[in-house]
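Residue numbering restarts at 1 for every chain, and letters A, B, ... go by the order of the sequence lines.
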Amino acid sequence: MQEKQIPAYSPAEVESAARRYWDDSQAFKAVEDPGAAAARPKYYCLSMFPYPSGKLHMGHVRNYTIGDVLSRYHRMRGFNVLQPMGWDAFGLPAENAAIKNAVPPAKWTYDNIDYMRQQLKALGFAIDWSRELATCQPSYYRWNQWLFLRMLEKGIAYKKTQTVNWDPVDQTVLANEQVIDGRGWRTGALVEKREIPGYYLGITQYADQLLDDLDTLDGWPERVKTMQANWIGKSTGVRFAFGHDIRDESGALIGDGKLWVFTTRADTIMGVTFCAVAAEHPLATHAARDNPELAAFIEKCKHGSVMEADMATMEKEGLPTGLTVVHPLTGEAVPLWVGNYVLMSYGDGAVMAVPAHDERDFGFAKKYGLPVRQVIAVGDNAFTTDAWAEWYGSKDGVCMASGKYDGLTHSAAVDAIATDLADKGGEKKVQWRLRDWGVSRQRYWGCPIPIIHCDHCGDVPVPDDQLPVVLPEDCIPDGSGNPLLTRDDFINVACPKCGAAAKRETDTMDTFVDSSWYYARYCSAGNDGAMVDARTDYWMPVDQYIGGIEHAILHLLYSRFWSKVMRDMGLTTVGEPFARLLTQGMVLNHIYSRRTDKGGIEYYAPEEITPIRDDAGRITGATLIADGQPVDFQGMGTMSKSKRNGVDPQALIDTYGADTARFFMMFASPPEQTLEWNDAGVEGAHRFLKRVWAFAQGYVAELRAAVPAASTLEGAKLPVALAELRRELHLVLKQASYDLGKQQFNTVASGSMKMLNALEKAPREGRQAAEVIGEGLSMLLRVLSPICPHITHVLWRDCGFGDDILRAPWPEPAESALVQDEIELMLQVNGKLRGSLRVAADAAKDAIEAQALASEAAQKFMEGKPAKKVVVVPGRLINIVC
RNA sequence: GCCGGGAUGGCGGAAUCGGUAGACGCAGCGGAUUCAAAAUCCGCCGCCGCAAGGUGUGGGGGUUCGAGUCCCCCUCCCGGCACCA
């Protein structure tokens, strides 16, 4: 078939031609079209914007290809599609780069954006670039500041103290990431906890809505909704107080003589054998005054981590205060302890301890020899204090050794006890795990918090007409604190109220603020007069949001919260920003590191090391190629700049083209699944595209002329081979459309391979053959086009199917092509596959049974025994039980 | 530690409702083409077995005519844990 010279597949030529066409025709510019909402519904397809870390990695390629496939598919289905792109441009890595290379974060960030934008363009994503934004632009972040001020007015934003990691040597606040084994990443100094003032957003005011509205999110994965619900953590319990007579020096009762606690297990109240308070609790402070050992312990608690994971895994320790509190029901004196596992920030910073029925209390009691008192019985289970058993914590038991409450179930006992505690101020209470959102960061590269501190007027909001408070872009952080502190031109300002000399706030906002509303800003791109406008009402909510599972809780919860705030302020009409969510699995790669002499961690790229493997091929260690010395293998982890394990797609694009990179990424696995990076198989993807190219060009050269202008296939009598070919093509198409509907793109890719396999084996003689092949090829190109838009764009035109595949309708399988006269059923005997049976497609159950029992395979394996039962699964199989 | 998810050939993965395990690829093996190689094409390819057959979806148990799929227990891996984004 190679008599005529077929042009070779040249990805570079094909891809630049396709992109030129899209650019010239402004193919992806999205225009609001509210009048045609019924005929041409909008489809807002959004992928999480990247942090401009330097280069794209394969996780980005996966994320944005998924979004692009969905965008292009919906476009072919007749939707008015918006797919924007921007940059989550503030953040810590820019400061780290500045520390390392003395480059201003602004320059580093903008250079990275330029490089990564060009990479995104090279991948051929159908993005409306006219809406591009970067969160470090004053035109964007002024609206962070503006909405922050509105929240302040409404009491949603407020100021209180926050706990931070403090590096005593660098005299600076550290991010959790910068604390390694309790020490500062650069100084190696023991990190201290420090209380400093900061601004908070009252996300807990929306806790109920954030929880309840999860039920409306039908397009979200269950696992994400479960994680969010658990994070919000609504628990119903009882808040009550242990009485005491502990007084400070002035003789005043501390806390009015009440030690407040919250418990979800009030039914175990008769099993309380001690109480524990946080190190920061006023009673702990009081007890430590004349107790040096306790004071030292409290001091020790103030070091150490602020991270929940560390709190949960650390050794539970405590010291008695020597004080006692009074059990509210028994009047018994209960010893009071200080425990390092009690959090001041959760509830009242104090817990009642029931060692018999709480695993943590049990461990603590065993360690310090405190009494354990069983008050819940579950069936006949025998209780011993030797070791913790799972049932001790069960809510399915009844009270015992609890006086009048004996025999009551969990909920009945909680109710009765709450009633009995009521006259002492106890009450049933809903407690949330969710905490308010601390947004102050003691960092330079972020959005300035628009507050001015005046000696006379206090904290004064910056007036709207002075927004934005612009961040100076020429600072170079050196790791020893926020450089804004030394920028007099930034700090010194007149108080907006009294005009006296005043100081600007130097804290900046958490970058999660930036990403909490960018989706709304894309819609109203370019509006300098308002945060959002009517265009946002047209596009919102996002119809399909795509991003990594790593954002399942924080980013998505903050965005949902921010949306509700904007709605309540009348800025938008939408309370849930993302109608449908696809959480992409992480793309993993090997992580190698070494500890530095200061106790920090230095990471090495996989290409810089030689792995050491055991007999099973597992990596156990590695050496650095540069010096031959060992490095640690840290396992697999998400590709990231900071761990230096990202794989840049550039080499792939340069060698094989964007279509191959996109196809390979989609083919590798279903989108939600974690993917360990491995480029074996890229060649196979490329080989497939070369075959598609050659086949289509062969069709142009040999068959196209024989294909009639109007299809004659529907209802036509085809030769068996052609009918079977056409059936297979339409069957694969049907499957591919189904798979696209469930967002399983790997099988869409393999479906396109199956179509090509079928087409290549097809008979090529006669008009009908040419027509079936032409139909199949046009289906193949359209199914493949969302994944490989460049090659399919060029081939669509070359094959004469039309000018622009973007405007081609998604192909529909012809049901008439799928019908069969005869089908094959699997034959099992006692559940084991023993053969198969061909029967008429409409054969009756009795007839099938008879045919099955008479078959040679059945006779052989039934060994003369009578059939006890015959199971017939229509269209599938027969199972003879004997 | 807690919350969420995952584990299927040498590798990536497929199997829509409990009904043919391994689609489609990669790697490998054999062959064709070639002076040779690359590229391309054809065939084979879970494991054990000459075969008949047996066996097999991380491990252990259960439900069922039938389990990768449902239930219970366990192991390992990944994501999150509020200042990485």
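Nearest nucleotide to the A:M227 side chain, out of B:rG54, B:rG4, B:rG80: B:rG4. Counting only heavy atoms from C-beta on, A:Q828 has its side chain closest to B:rG19 among B:rG19, B:rA23, B:rG1. In this structure, of B:rC26, B:rG19, B:rC3, it is B:rC26 that holds the atom nearest to the side chain of A:A680. With distances taken from any side-chain atom of A:V871 to the nucleotides B:rC65, B:rG80, B:rA52, the minimum falls on B:rC65. For A:T511, counting side-chain heavy atoms from C-beta on, the closest listed nucleotide (B:rA85, B:rG79, B:rA82) is B:rA85. Relative to the side chain of A:T747, the nucleotides B:rA23, B:rG54, B:rG1 differ in distance, and B:rA23 lies closest. Nearest to the side chain of A:N176, among B:rG19, B:rC84, B:rG79, sits B:rC84. For A:W231, the listed nucleotide lying nearest its side chain is B:rA82; candidates were B:rA82, B:rC65, B:rG25. For A:E550, the listed nucleotide lying nearest its side chain is B:rG80; candidates were B:rC81, B:rC84, B:rG80. For A:R687, whose side chain is taken as the heavy atoms from C-beta onward, the closest listed nucleotide among B:rA27, B:rG53, B:rU20 is B:rA27.
As judged by a 4.0 angstrom heavy-atom cut-off over every strand, A:R435 is placed among the base-contacting residues. Within 4.0 Å of A:L554, counting heavy atoms only, lies at least one base atom of the nucleic acid. As judged by a 4.0 angstrom heavy-atom cut-off over every strand, A:M48 is placed among residues making no nucleic acid contact. When heavy atoms are screened at a 4.0 angstrom cut-off, A:V173 is found touching base atoms of the nucleic acid. Within 4.0 Å of A:F512, counting heavy atoms only, lies at least one base atom of the nucleic acid. Across all strands, A:K868 comes closer than 4.0 Å to no nucleic acid atom at all (heavy-atom distances). Contact annotation for A:E824: no contact, since no heavy-atom pair falls under 4.0 Å across all strands. At a threshold of 4.0 angstrom between heavy atoms, the contacts of A:H551 include nucleobase atoms, whether or not backbone atoms are also involved. Here A:M311 lies out of heavy-atom contact (under 4.0 Å) with every strand. Base engagement by A:F667 is indicated by at least one non-hydrogen atom pair under 4.0 Å involving a base atom. Among the heavy atoms of the strands lying under 4.0 Å from A:N879 is at least one base atom, whether or not backbone atoms are also near. Across all strands, A:K641 comes closer than 4.0 Å to no nucleic acid atom at all (heavy-atom distances). Backbone-only contact: A:G637 has heavy atoms under 4.0 Å from sugar-phosphate atoms and none from a base. Counting any heavy atom pair closer than 4.0 Å across all strands shown, A:K316 reaches no nucleic acid atom.
Comparing A:R223 and A:K869 along RNA chain B, the residue whose closest nucleotide (by nearest heavy atom) sits nearer the 5' end is A:R223. Each of A:G751 and A:S669 lies near RNA chain B, and the nucleotide nearest A:S669 is the one positioned closer to the 5' end.
Residue A:K225 places none of its side-chain N or O atoms closer than 4.0 Å to OP1 or OP2 of B:rG5. A:N746 has a side-chain polar atom (N or O) that falls below the 4.0 Å cut-off from OP1 or OP2 of B:rA14. Between A:R691 and the phosphate of B:rA39, there is no side-chain N or O to OP1/OP2 separation shorter than 4.0 Å. Side-chain N/O atoms of A:K761 include none lying less than 4.0 angstrom from OP1 or OP2 on B:rC41. Look at A:Q744 and you'll find a side-chain N or O under 4.0 angstrom from OP1 or OP2 of B:rA15. Between B:rC26 and A:N678, no contact under 4.0 Å exists linking OP1 or OP2 to a side-chain N or O. Between A:Q673 and B:rG13 there is a side-chain polar atom (N or O) within less than 4.0 angstrom of OP1 or OP2. At B:rG54, one or more side-chain N or O atoms of A:R834 fall inside 4.0 Å of OP1 or OP2 (strictly under the cut-off). At the phosphate of B:rA85, neither OP1 nor OP2 sits under 4.0 Å from any side-chain N or O atom of A:S515. A sub-4.0 Å separation between OP1 or OP2 of B:rG25 and a side-chain N or O of A:N757 is present.
Using a 90° window around 0 for the glycosidic torsion, B:rG9 falls inside it and is classed as syn. Under the 90° criterion around 0 for the glycosidic angle, B:rC26 counts as anti.
Proximity of a side-chain donor or acceptor of A:Q859 to a complementary backbone N or O of A:L853 within less than 3.5 Å is detected.
Relative orientation of the A:F667 and A:F663 rings is parallel, given thresholds of 30° and 60° on the angle between their planes. Relative ring orientation between A:Y64 and A:H60 is described as parallel, the plane-to-plane angle staying below 30° on a 0-90° scale split at 30° and 60°.
Between the C1' atoms of B:rG68 and B:rU55, the separation comes to 16 Å (whole Å). For B:rG6 and B:rA15, the P atoms lie 14 Å apart once the distance is rounded to whole Å. The P atoms of B:rC78 and B:rA85 are separated by 23 Å, rounded to the nearest whole Å. Using atom C1' as the reference point in both B:rA14 and B:rG30, the two lie 27 Å apart (nearest Å). For the C1' atom pair drawn from B:rA32 and B:rU16, the interatomic distance equals 41 Å after rounding to whole Å. Atom name C1', nucleotides B:rC42 and B:rG49: the rounded distance is 28 Å, in whole Å. Atom P of B:rG43 sits at a distance of 15 Å from the matching atom of B:rA23, rounded to the whole Å. Taking atom C1' in both B:rG46 and B:rG61, the straight-line distance is 25 Å, to the nearest Å.
When all heavy atoms of A:W87 and A:P52 are compared, the closest pair comes out as CE3-CB, 4.1 Å. Between A:T638 and A:L588 the shortest heavy-atom distance is N-CD2, 3.6 Å.
A salt bridge does not link A:E728 to A:K761: none of the charged nitrogens lies less than 4.0 Å from a carboxylate oxygen.
Checked by distance alone, A:N230 brings no side-chain donor or acceptor within 3.5 Å of a matching partner on the base of B:rC3.
In this structure, B:rC70 forms a base pair with B:rG62, meeting either the Watson-Crick or the G-U wobble geometry with both donor-acceptor distances under 3.5 Å. The base-pairing partner of B:rG43, taking Watson-Crick or G-U wobble contacts with both distances under 3.5 Å, is B:rC29. Remark: B:rA51 base-pairs with no nucleotide; criterion is Watson-Crick or G-U wobble with both hydrogen-bond distances under 3.5 Å. B:rC81: Watson-Crick or G-U partner is B:rG1, with both key distances under 3.5 Å.
The distance from atom CD1 of A:I549 to atom P of B:rG79 is 12 Å, rounded to the nearest whole Å. When rounded to the nearest whole Å, the span between CE of A:M344 and C1' of B:rA82 equals 19 Å. Look at CZ on A:F861: it is 18 Å from P on B:rG66, rounded to the nearest Å.
At least one cation-pi condition fails for A:K316 and A:F364: the charged atom is not both under 6.0 angstrom from the six-membered ring centre and inside a 45 degree cone around its axis.
With A:R441 as the partner, the side-chain hydrogen bond (donor to acceptor under 3.5 Å, both in side chains) test is satisfied by one option alone out of A:T511, A:T508, A:D510: A:D510.
Between the CD1 atom in A:I203 and the CH2 atom in A:W437 there is a gap of 7.0 Å [rounded to 0.5 Å].
Around atom NZ of A:K225, more than 12 heavy atoms belonging to other residues, nucleotides or ligands sit under 6.0 Å away.
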